[in-house]
Q: 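Shown below is the structure under consideration.
As the structure is a prediction and not an experimental result, all values here were calculated from the model. Whatever order the structure lists them in is the order used to number ligands and atoms, beginning at 1. The chain is numbered in sequence order, starting from 1.
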Amino acid sequence: MHKGLKMQPIPVSGPSITQKEIDYVNDAVKNAWYADANLYNLKFENAFKNYIGSRYAVALPSCTSAIHLALVALGIGPGDEVIVPDVTWIASAAPINYVGANPVFADIDEKTWCISKESFEKCITPKTKALIVVDLYGGMPDMDGIREVASKNNIIIIEDAAEAIGSEYKGKKAGSFGEIGVFSFHGSKTITTGEGGMLVTNREDFYNRILIARDHGRDPQDSRMFWNIEIGYKYKMSSMQAALGLAQLERIDELVGKKRQIFKWYRNRLLKMDGILNINYEDDTILNSFWMITAIIDPALNITKDTLIKEFKNNNISCRPFFYPLSSLPAYFSALSEAATKNVNSYKISPYGINLPSGFNVDENTVNYVCDSFSSIVNRYSK
Ligand SMILES: *Cc1c(COP(=O)(O)O)cnc(C)c1O
C-alpha cells in the first residue's frame, strides 16, 4: 500500500493564505465603505503598477474581463483577426469572439511552450490587428523577436500574464511587454483574490477608455451621476478582494521564491528520471515563476496524459492535462481544423504533457512522493 492512499488527496494547485490576508480582508469588510469604499482598490492598483513598472493598473473581476476590455479599448471588432497561441487556457481566446473578431491560432515553441515567432509571423494577414501573447505556466516567449515582428507589421500586443506574475524576461517583468498586460487572481494562480484580475498599461488613452468601458459607459471625469455616454460593461473588483490581493502582493517575493523552490525540488528528481522529454524552460534571459510544474513524457513511450492522470489519481495525486490545442476543442474545432496540420508542436506536445502538484502546500516530501509515483508509473508502462 502506498502511504499516499491514507493521505488527503494532493491537490494540483492552491494558495498561501496567512494572518496578513485575513487581517486585510477583515479590515476591508469592516471599514471599506462610505468615503473609504475605494481605498483598498486604489492601494492594490498602486502597489501593482509599482511592482510591474507600468503607469496605470485597473483591478477587475477576472483576467477574462481584462482581455475583453483590452480588445474593446483597442477598438477590435467584426472582420478583425487576433493571433493567439493554439495552446493556452480558452480565456486567452474567448474574448476575441466576444467582440466579434476572429482568433487565429499560432503554434507554440517546443522549449518555451509559448507562441513561436515564426508561426506568429506566418499567421499575419492584412486583417491582423493584435497579438495576444501568453506566458504559459510562468514561462516567457522570445519577446524580442515577437515584438520586432509585431512592430514591423503594426500589430498591437496584449500580454496575457495570467500565469506569470513575477516572471521576467531580460530583467523586465512579465505583463509589461505589450501595450496592455493582463493578470489573473483566480484561486489556482500565484497570487489570488478568490476571483479577480488586473490590467496594466502605459497608454493614457487606453486607460481612460477602459475606465469608461468597465463602468457602464460612465466617464469618471464627468460629475453627472447616472450619465452613460456608451453601452459598457460592469467589470469591477470588490474592496474585500482588493484587500486580499494587496496582502498577497506584499508577499510576492516570498511566493515566487516558494514556486521556484518547488521547481528545484522537482527538477532534481525529474531530470534523473527516464522517459521525461522536458520540463519548464528557463535560461539566462528568463526568470520563470513556475506557476505550474509541468513535464512532457517522451512520446516514444506512448503514455498519454489521460493515462498518467488516471494512474496518479490512483496514488491520491491530482494532476492536470497540458492544455489542449484550442483548435482541437469542440468550441473551436469546426471553423479551424486547418490548425491541426499547421501547428505541429502544439499537437505533438499537448497529448504528453501534465501539470504536477504545484500548490503552496507542496513540500519536499510531497515532491518525492509524486516523483516516486511518477517513476513507477512510467516504468510499469514502458515495459
Ligand atoms: C487563468 C487564465 C486566464 C483567465 O483568468 P480568469 O481570472 O479566470 O478569468 C486567462 N489566461 C490564462 C493563460 C490563464 O491561465
Q: Heavy atoms only, cut-off 4.0 Å: how does V134 contact ligand 1, side chain, backbone, both, or neither?
A: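 Side chain only; the backbone of V134 stays clear of ligand 1.
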Q: Heavy-atom pairs closer than 4.0 Å: do any link ligand 1 to the side chain of L136, the backbone, both, or neither?
A: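 Neither; nothing of L136 gets under 4.0 Å from ligand 1.
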Q: Hey, do the aromatic rings of F48 and F185 have their centres closer than 6.0 Å?
A: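 Yes, the ring centres sit under 6.0 Å apart.
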Q: For ligand 1, note which part of A162 has a heavy atom under 4.0 Å away: side chain, backbone, both or neither.
A: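 Within the 4.0 Å criterion, A162 contacts ligand 1 through side-chain atoms alone.
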Q: So, is K189 polar-close to ligand 1, with some N/O to N/O distance under 3.5 Å?
A: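 Yes, at least one N or O pair falls under 3.5 Å.
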Q: In ligand 1, which numbered atoms sit nearer than 4.0 Å to a non-hydrogen atom of T64?
A: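 Ligand 1 atoms under the 4.0 Å threshold to T64: 4 (C), 6 (P), 9 (O).
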Q: Heavy atom under 4.0 Å from ligand 1: found in D160's side chain, backbone, both, or neither?
A: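 The side chain, only.
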Q: Among all the protein's non-hydrogen atoms, which is closest to atom 15 (O) of ligand 1, and how far away is it?
A: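 I find the closest protein heavy atom is E163 OE2, 2.5 Å.
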Q: Between D144, D284, T285, which is the residue that forms a side chain to side chain donor-acceptor pair (under 3.5 Å) with K170?
A: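 The single option meeting the side chain to side chain donor-acceptor pair (under 3.5 Å) with K170 is D144.
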Q: Closer than 4.0 Å to some heavy atom of A91 - which atoms of ligand 1 meet that?
A: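 Those atoms are 3 (C), 4 (C), 10 (C).
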Q: Does ligand 1 have an atom under 4.0 Å from some heavy atom of A66?
A: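 No, A66 has no heavy atom closer than 4.0 Å to ligand 1.
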Q: Would you mind running through ligand 1 and noting each atom that sits below 4.0 Å from a heavy atom of S92?
A: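 With S92 as reference, the close atoms of ligand 1 come out as 11 (N), 13 (C).
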Q: Pull out every atom of ligand 1 sitting under 4.0 Å from any heavy atom of T88, numbered as shown with elements.
A: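 Ligand 1 atoms under the 4.0 Å threshold to T88: 13 (C).
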Q: Do any N/O atoms on S184 end up under 3.5 angstrom from N/O atoms on ligand 1?
A: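 By distance alone, the answer is yes.
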Q: Using non-hydrogen atoms of the residue, decide whether G197 is closer than 4.0 angstrom to ligand 1.
A: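 It does not; every heavy atom stays at 4.0 Å or beyond.
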Q: Classify the side-chain pair S116/D107 by whether it contains a donor and acceptor separated by less than 3.5 Å.
A: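 Side-chain D/A pair, S116 to D107: absent.
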Q: Ion pair present between R260 and E282, side-chain N to carboxylate O less than 4.0 angstrom?
A: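 Salt bridge present between R260 and E282.
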Q: Check whether Y51 forms a cation-pi arrangement with K173 (NZ or CZ under 6.0 Å from the six-membered ring centre, at most 45° off the ring normal).
A: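 Yes, a cation-pi geometry holds between K173 and Y51.
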Q: I'd like to check which ligand 1 atoms, numbered from 1 as shown, lie under 4.0 Å from a non-hydrogen atom of G196.
A: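 The list of qualifying atoms is 7 (O).
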Q: Does the distance from a Lys or Arg side-chain N to an Asp or Glu carboxylate O, for R147 and E159, drop under 4.0 Å?
A: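 So R147 does not pair with E159 through a salt bridge.
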Q: Would you call R269 and D372 a salt bridge, using N to O less than 4.0 angstrom?
A: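 Yes.
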Q: Is the shortest side-chain N to carboxylate O distance from R251 to E21 below 4.0 Å?
A: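 Yes.
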Q: Is the closest side-chain donor-acceptor distance between D86 and N343 under 3.5 Å?
A: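 N343 and D86 do have a side-chain donor-acceptor pair below 3.5 Å.
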